[in-house]
Amino acid sequence: MTVNPIDLEVVTEGLISIVREMRQTIFRTAHSPVIADAQDFSCALFDPQGQMVAQGRDMPGHVIAMPASVAEIFADFADEMRPGDLYIVNDPYRGGSHLNDVTLISPVFVDGKLFLFPCVRMHWADIGGMTPGSVSGQATEILQEGLRIPPIKLIEQGRPNRAAFDIVFANVRMAEERRGDLESSIAACHTAERRLRELVARHGTDLIGESVAANMDRTEQRLRAMIRALPDGTYRYEDYLDLYTDGHYDAAIVRCALTVDGDEIEADFRGSSAQVAAVVNSSRAMTVAGVFIAVKSALDPGGLVNHGAFRPLRVLTEPGTVVHVSYPAPANAHSEVRKRVISAVMAALSQVAPDLIAADQFGTTFQNLIGGVDEHTGRPYLYYDYPAGGNGGFLESDGPSAMNPVDLGDISTIQSVERLETEIPILVEACELRAGSGGDGVRRGGLGSRRETRLLASGGAYSVQTDRTTVPPYGLRNGGPGAPTVTHIRRADGERVDFATPGKVAGFPMRAGDVLVMESAGGGGWGDPLERLPEEVAQDVAQEYLTVAEARRRYGVEIDRAGRVDATATAAHRQRLRDERRWLRTTVTANPAYTGQRGQRRLAYVAAGSDLAEDTLVEVHGAHPAPLRAWIRHDAALAADELALDDDGLQILGAAPHDRSYVRVLTGEGWS
């Protein structure tokens with residue numbers, strides 16, 4: 001039967017409307033600020049085969065990974081589902097993301113048959129574990145990260161499983177708030193069931209089922225057409241996750257080989273670093289989500305999101321790696337791994353569709369938490385903050401500043417200060433753009449943000465799980481990197497406390513009056529910064545995004561005291577900066593391509609007499625838009641103007657032996 005186009009649109013929008021009403025139910029009834037204010041949750045509808053058929057304006061990092069959790073629930077309970085059942089799961093090894101993301105599904109039956117069913121994934125502000133908020137930068141096993149819930153029945157045929165409820169709430173902090181958020185999720189499922197029954201009464205199950213199938217098919221064909229327009233081939237990139245071994249930086253690598261074959265794309269992450277007993281791993285579900293988010297947002301951002309759009313994509317991973325974690329390794333780096341997957345896929349796509357791809361986003365969810373007991377009330381408190389950063393510049397425009405990237409959707413990263421200060425013993429002292437943090441380029445990267453929060457309680461435990469503290473967001477087409485992520489504590493007496501393992505902190509003791517300073521990363525720049533219009537640089541100075549000195553050093557633009565550009569001096573200064581750039585001839589080496597204890601860092605070899613010291617972090621710009629990041633080693637066999645990589649490194653660059661490549665240092669002033 002061919003579905004009438006009008007019926008198809010009415011049913012499709014009706015299902016999406018149900019998802020939107022689920023969201024409103026949660027938004028209006030949830031208890032914790034991270035749900036009620038930040039909207040860190042997602043809703044969707046699934047069919048009896050576990051295919052996602054509708055979602056609203058949800059968080060892609062949640063909703064795209066939901067099918068993996070649904071599949072695990074089906075694997076255990078498909079033959080025994082009954083009306084009134086409700087299932088819960090958060091296990092990263094079984095389709096979850098991290099333990100804080102709790103997923104519920106509630107099957108809806110019509111005439112005795114499983115019809116469609118709602119699904120909710122919600123970030124619980126605490127799920128137990130070694131630190132308040134369950135986000136530790138120092139966990140070495142999943143058991144330290146909180147309560148792990150396999151697929152279980154939380155409600156059976158309308159009757160709550162009291163033992164399950166009791167176990168859950170005995171193992172989380174601020175249990176009443178968690179209970180309120182759970183009840184909010186359950187209410188959303190009940191709302192969806194009512195609306196689904198109303199939809200059936202209007203249209204019947206046959207028409208709804210046919211419309212669902214037709215909608216997924218047209219979504220699939222739309223994305224396949226976009227992929228078919230790309231040239232076939234395999235495109236490679238690699239990126240890094242922050243990892244420390246014995247206090248030393250020991251980055252883990254995410255390697256991607258992206259193959260376009262007709263109307264399908266395969267993303268192969270085999271060869272990524274082995275999983276580690278540290279917060280640097282994530283589930284396969286998050287890797288799959290990252291691939292989909294990157295491909296869909298680049299090639300078909302305006303199309304619907306449902307299971308049909310998943311069909312043209314294949315993702316290959318190896319269990320026991322940072323992109324496909326296995327028990328008992330921690331999994332709380334879910335968002336960092338997802339973002340690094342997005343960065344790697346986007347960089348690979350830039351080799352085949354350069355005008356569609358922006359420079360790198362700030363690349364981290366930047367989870368900061370302070371927890372303790374408020375001595376004035378005797379009640380526990382939890383402050384959870386996640387400042388947004390800069391997004392990459394692109395062909396048409398500078399990157400957005402202090403705004404969530406594509407994988408976080410509409411989640412709010414600026415919570416109500418009044419609510420926070422009313423409910424938590426803190427004082428938010430600053431929330432502003434981080435001047436100078438955007439990557440340089442013809443199109444500047446967006447600026448990160450800077451927040452300062454003073455602790456008013458007598459003490460608290462600070463934890464942070466973040467990334468991009470050492471290897472910054474990349475630029476494209478010779479664009480500069482965004483500034484890296486920075487956190488520190490400023491004591492009441494003015495002393496600054498930095499951390500030996502930036503971005504990976506667990507339970508650091510804070511005192512009354514301490515100020516937590518959070519500086520999110522900037523976005524990468526697009527295009528050569530020496531080709532940016534001088535008037536646009538002057539405007540950045542006028543907006544206080546840059547200082548006059550930075551405009552001169554980073555863009556070669558000379559600005560007088562009145563804010564006017566000196567065109568003659570600018571042209572001369574830009575030529576000097578071009579002449580000072582380091583260009584080396586690439587060559588192939590048989591030396592080791594990587595180093596690392598638990599991780600893997602790429603090595604690039606230069607002459608022994610080079611002024612590039614060993615272990616200097618550099619980026620190498622070749623024919624492909626995205627640069628290759630590597631750490632320097634010396635080789636006495638090389639000439640002064642040579643830089644040696646293995647063959648794979650040259651493929652990532654798009655370089656051949658003896659090609660000239662621009663080498664930029666990524667330490668100190670080289671960040672900009």
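As a basis for the values below, the full set of heavy atoms in this structure was taken, side chains included, without hydrogen atoms, waters or symmetry mates. Numbers for residues simply follow the sequence, beginning at 1.
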Task: Residues R532, D540: salt bridge by 4.0 Å N-O rule - done: yes
- [ ] Answer yes or no: is there an ion pair linking D641 with R660, defined by an N-O contact shorter than 4.0 Å?
- [x] no
Task: Face-on cation placement of R581 at Y662 ring, 6.0 Å and 45° thresholds - done: yes
TODO: Considering only NZ, NE, NH1 and NH2 on the basic side and carboxylate oxygens on the acidic side, decide whether E580 and R576 come within less than 4.0 Å.
DONE: no
TODO: Give a yes or no on whether a salt bridge exists between R340 and D360, defined as a side-chain N under 4.0 angstrom from a carboxylate O.
DONE: no
Task: Lys/Arg N to Asp/Glu carboxylate O, D398 vs R443, below 4.0 Å - done: no
Open item on the list: Please confirm whether the ring centroid of Y474 lies under 6.0 Å from the ring centroid of Y237.
Closed with: yes
Task: H123 ring center within less than 6.0 Å of H98 ring center - done: yes
Open item on the list: Looking at K504 and D242, is any side-chain nitrogen of the basic one under 4.0 Å from a carboxylate oxygen of the acidic one?
Closed with: no
Open item on the list: Under a 3.5 Å threshold, yes or no: a donor from one side chain and an acceptor from the other, between R236 and Q351?
Closed with: no
TODO: Measure across A54 and V19 and return the closest heavy-atom pair with its distance rounded to 0.1 Å.
DONE: O-CG2, 3.8 Å
Open item on the list: Testing the 3.5 Å rule here: is there a donor-acceptor pair between the side chains of T287 and T317?
Closed with: no
TODO: Please confirm whether K339 makes a cation-pi placement over F362, using NZ or CZ under 6.0 Å from the six-membered ring centre and within 45° of the ring normal.
DONE: yes
Open item on the list: I'd like to know if R121 and D101 make a salt bridge, using a cut-off of under 4.0 Å between side-chain N and carboxylate O.
Closed with: no
TODO: Please say whether the positively charged group of R601, taken as NZ for Lys or CZ for Arg, lies over the ring of W631, i.e. under 6.0 angstrom from the six-membered ring centre and within 45 degrees of the axis.
DONE: yes
Task: Lys/Arg cation over aromatic F41: R23, 6.0 Å, 45° cone - done: yes
Open item on the list: What I want to find out is whether D648 reaches R255 closely enough, with some N-O distance under 4.0 Å, to be called a salt bridge.
Closed with: yes
TODO: For the pair R477 and D355, find out whether any cationic side-chain nitrogen is under 4.0 Å from an anionic carboxylate oxygen.
DONE: yes
Open item on the list: Does this structure show an ion pair linking D217 with R311, if we count only N-O contacts that are shorter than 4.0 Å?
Closed with: yes
Open item on the list: Taking atom CD1 as the centre, does I414 end up with more than 12 heavy-atom neighbours from other residues, nucleotides or ligands that are less than 6.0 angstrom away?
Closed with: no
Task: Donor-acceptor side-chain pairing of E619 and H621 below 3.5 angstrom - done: yes
TODO: Give the minimum heavy-atom separation between A252 and V322, together with the two atoms involved.
DONE: CB-CG1, 4.2 Å
Task: Between R633 and Y605, a side-chain donor and acceptor under 3.5 Å - done: no
